[in-house]
Participant: 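Got a structure for you, written out below as structure tokens; questions coming shortly.
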Amino acid sequence: MLAVYKREIKAFFNSMAGWLFLAVNLFFSGWYFRYYGMTLGYPYIAYICSSITIIIIFSMPFLTMRSISEEMRLKTDQLLFTSPVPVWKVVFGKYLALVTVFFIPVFVIGLYPFILSIYGKVPFGENYITLFGYLLFGCACLAIGVLLSSVTENQIIAAVLTFFTLLLGVMIPGICSLISESGNALTKILDMFNLTSQMDNYFFIGIISIPGIIYYLSIIALALFLTVCIISKRRWSLSTKGILANISAAGLFTAVFTIVIVINIIVNHLEPSSMYIDVTYNSIYSLTEETEKMLEEVDQKVTLYYWVDNDSIDTTIEQTLTDIDSASKNVTLKYVSPTENPYFYTEYCDEIPAQNSIFVVTDNNSRVINYYDCYVMTYEYEYNYESGHYVVTDYKVTGYDGEGRIMAAIQYVCENYIPQIYCITGHDEFELGPELLTELEKSNINIQYINLLTYDEIPEDAACIFLLGALNDYSKEEADMISDYLEKGGNAVFIIAYSDNDDQSNLYGLLEPYNIMVEPGLVMEQGTSYYNAQPFYLLPDILENELTNNVYTYARTKYIYMPYAKGLTITEDYGDVNITTLLQTTASAYLLTDVTDLNKEVAETKRFILGAYIEKNRTESLSRVLVFSSEYFLYDNINDAVSGNNYELFMNGLAKLTGTDIVSVIPVKNYSTDYNQIIIDSTAVYVFSWIMVGIIPVALVIAGLTMWIIRRKK
């Protein structure tokens, strides 16, 4: 078998076939990686593998067509009939050679997640399960190609048969939908020949499917076994007359085929929890590792009361509660029927909650999780001209947040201190987005919006105040109220917004005691420290310190995204001020005061601060301030564009500001395909594109031509 394997490998790379197969597959995989991975920033190679499936359908027949057909055409197959080597070893040796050639582009695709991880977070588990499923699919296609190559000595016919067989296997879902949209006995039979269902439905979304593995191994085993039977039949026909050979081969194949079908049926009817393994990065189908660690640290007795009747149980929430109950000895799950105990809720809340709601209770504290908060909804709106308002026309559930809500509630009832934060309103401030609000809520931080016109002073229970990108200046009375609060050792988050009105002396004056001046105009960058060819879409330098631990990298592979930022500079020393710079521009940055003239000649370049944490000894105690110079810094879509780095830095600063440990937040488990977009600068995209789409495929073609010319000269 080893000799056959070496002979086949040598044959592939002594001709154009192997080199051309590699060149074509690496060209298209590189092209789709450039598009999905580097341009769009998708960290999932499932997009790439799905896109190049059709390339496999076209290219693989030209790889497999010669495996047996060429032996038959050259009459060297006669050696198979007289060789002392068993036929199955010859077939398996040829098949392993094909798998080796196919594995080379698969290995290269396996490097893509490492390249993407340089620039952002990549779910390695999901990516390599995707690649494993893609490899199994490819190996099954190779086995089918070997089988069809054994039925004819014409290589072209073998290639055409393989192509149409693989194409039919990919088109089965469409064919089944044409036969019956709801499904019937015929579609169930046809679905057994669907080559991509296990790959698309499980491996490509990060689930290890045991039935899928057995399905692809079954195809490989049956195809190779039938190939051995076909070749062996020819050997037997040389010495055996009559129908004995046919009966023996048919009977043996029928027995093996039946055994394989029975195994697949049994596996598909086993308990699903043992047949499918969740390896998604946010553990969509199981408890996250973060939850398990948090449950290990719970040192109080916590009771989870599940408010539901037996006929209304939400199985997803019940599974989460059961898993949490099993994972911690200090957490106990109890069922409470609203029908049997209709007034149970009155001890913990004023209004009756929906069924499937959860009461998280300790001896001293409690929190109610409303059922509808456990799911993320996406709504579609339509403008109603009669009412003059937008109305909801449709909605769908896009994510499950039950685990995150329950764990946040457990941490809440076990905590002794919950920070209260007040957001100042009344000056065209922006509102915190739903993603950030959810993160703050699940971090057990209370948020309240207040207008200072209705207050005499900042409330005494304020752990911090938010000044969220005011477009209009504060009144002197409001500024004095905030200044008094800070003078007493208060803490504040300043989000400075760019606006046409730079006359905000009262607001900017609040930062002067902290040695920070807000410069007029919009910060523009030069060089490569901006995104999408827009010099005001800033990707600032991240300075290494305690607050940037999770977002700073020496090789600058993580980004903070700050469009439309104001420039901050350090002024004269007011004394007892300690400034920790978090974000800054390059020394080539400059201010644009007239945004209508982007081509205005640069007058002066300098380095500006875009984010800082400041401590100042005030009259009564230490006052802490966190300042960022762009309101877009806290927009949900801007944060998503840099894989959550903006919120990571903000939450680190907020924890330092309030003197508390921000609790871990379990992310929403999205039902739709979810990704954190990776931002890669144009230079890196250009370099990698040339290497993967240009240099490597061309080099492979040149190598193949060279080998072909050398052999021709011999």
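Residues: numbered from 1 along the sequence shown.
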Participant: How about CZ on Phe107, more than 12 heavy atoms from neighbouring residues, nucleotides or ligands closer than 6.0 Å, or not?
Facilitator: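 It does not: Phe107 CZ has 12 such atoms or fewer within range.
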Participant: For Glu297, enumerate each residue passing the side-chain contact (heavy atoms from CB on, under 4.5 Å) test, keeping only those at least two apart in sequence or located in another chain.
Facilitator: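 Partners of Glu297 under the side-chain contact (heavy atoms from CB on, under 4.5 Å) test: none.
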Participant: Ring centroids only, cut at 6.0 angstrom: are Phe137 and Phe203 within range, meaning strictly under it?
Facilitator: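 Aromatic pair excluded; centres sit 6.0 Å or further apart.
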Participant: Please confirm whether the ring centroid of Tyr635 lies under 6.0 Å from the ring centroid of Phe430.
Facilitator: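 Centroid separation for Tyr635 and Phe430: below 6.0 Å.
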Participant: Between Lys558 and Ile542, which heavy-atom pair has the shortest distance, and what is it?
Facilitator: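 For Lys558 versus Ile542, the nearest heavy atoms are O-CD1, 3.7 Å.
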Participant: My understanding is that only residues two or more places apart in sequence, or in another chain, count here; which of them pass salt bridge (charged side-chain N to carboxylate O under 4.0 Å, His left out) with Glu544?
Facilitator: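 None.
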Participant: Ring-plane angle category for Phe650 and Phe466, please: parallel below 30°, perpendicular beyond 60°, tilted otherwise.
Facilitator: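 The arrangement is perpendicular - the two ring planes meet at more than 60°.
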Participant: To the nearest 0.5 Å, how far apart are SG in Cys49 and CZ in Phe204?
Facilitator: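 Interatomic distance, Cys49 SG to Phe204 CZ, rounded to 0.5 Å: 5.0 Å.
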Participant: I want to check something: taking the side chain as every heavy atom from C-beta on, are Leu195 and Ile172 in contact at a cut-off of under 4.5 Å?
Facilitator: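 They are not in contact (no side-chain heavy atoms under 4.5 Å apart), so the answer is no.
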Participant: Do you know the tightest heavy-atom contact between Arg624 and Lys656?
Facilitator: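 So the minimum-distance heavy-atom pair works out to CD-O, 3.5 Å.
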Participant: Sequence neighbours left out, cut at 3.5 Å: what donor-acceptor pairs do the side chains of residues 348-355 make with other protein atoms?
Facilitator:
{"residue": "Gln355", "atom": "OE1", "partner": "Asp309", "partner atom": "N", "Å": "2.9"}
{"residue": "Gln355", "atom": "NE2", "partner": "Asp309", "partner atom": "OD2", "Å": "3.2"}

Participant: Relative to the ring of Tyr42, is the ring of Tyr47 parallel (under 30°), tilted (30 to 60°) or perpendicular (over 60°)?
Facilitator: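 Geometry flag for Tyr42 against Tyr47: tilted rings.
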Participant: Answer yes or no: is there a side-chain heavy-atom contact under 4.5 Å between Phe628 and Asn646?
Facilitator: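 Result no, sub-4.5 Å side-chain heavy-atom pair not found.
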Participant: Measure the shortest side-chain to side-chain distance between Leu649 and Leu583 over non-hydrogen atoms and say whether it is less than 4.5 angstrom.
Facilitator: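 Answer yes - side chains close enough.
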Participant: Any side-chain donor paired with an acceptor under 3.5 Å for Asn545 and Tyr552?
Facilitator: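 The criterion, which ignores hydrogens and geometry beyond distance, is not satisfied for Tyr552 and Asn545.
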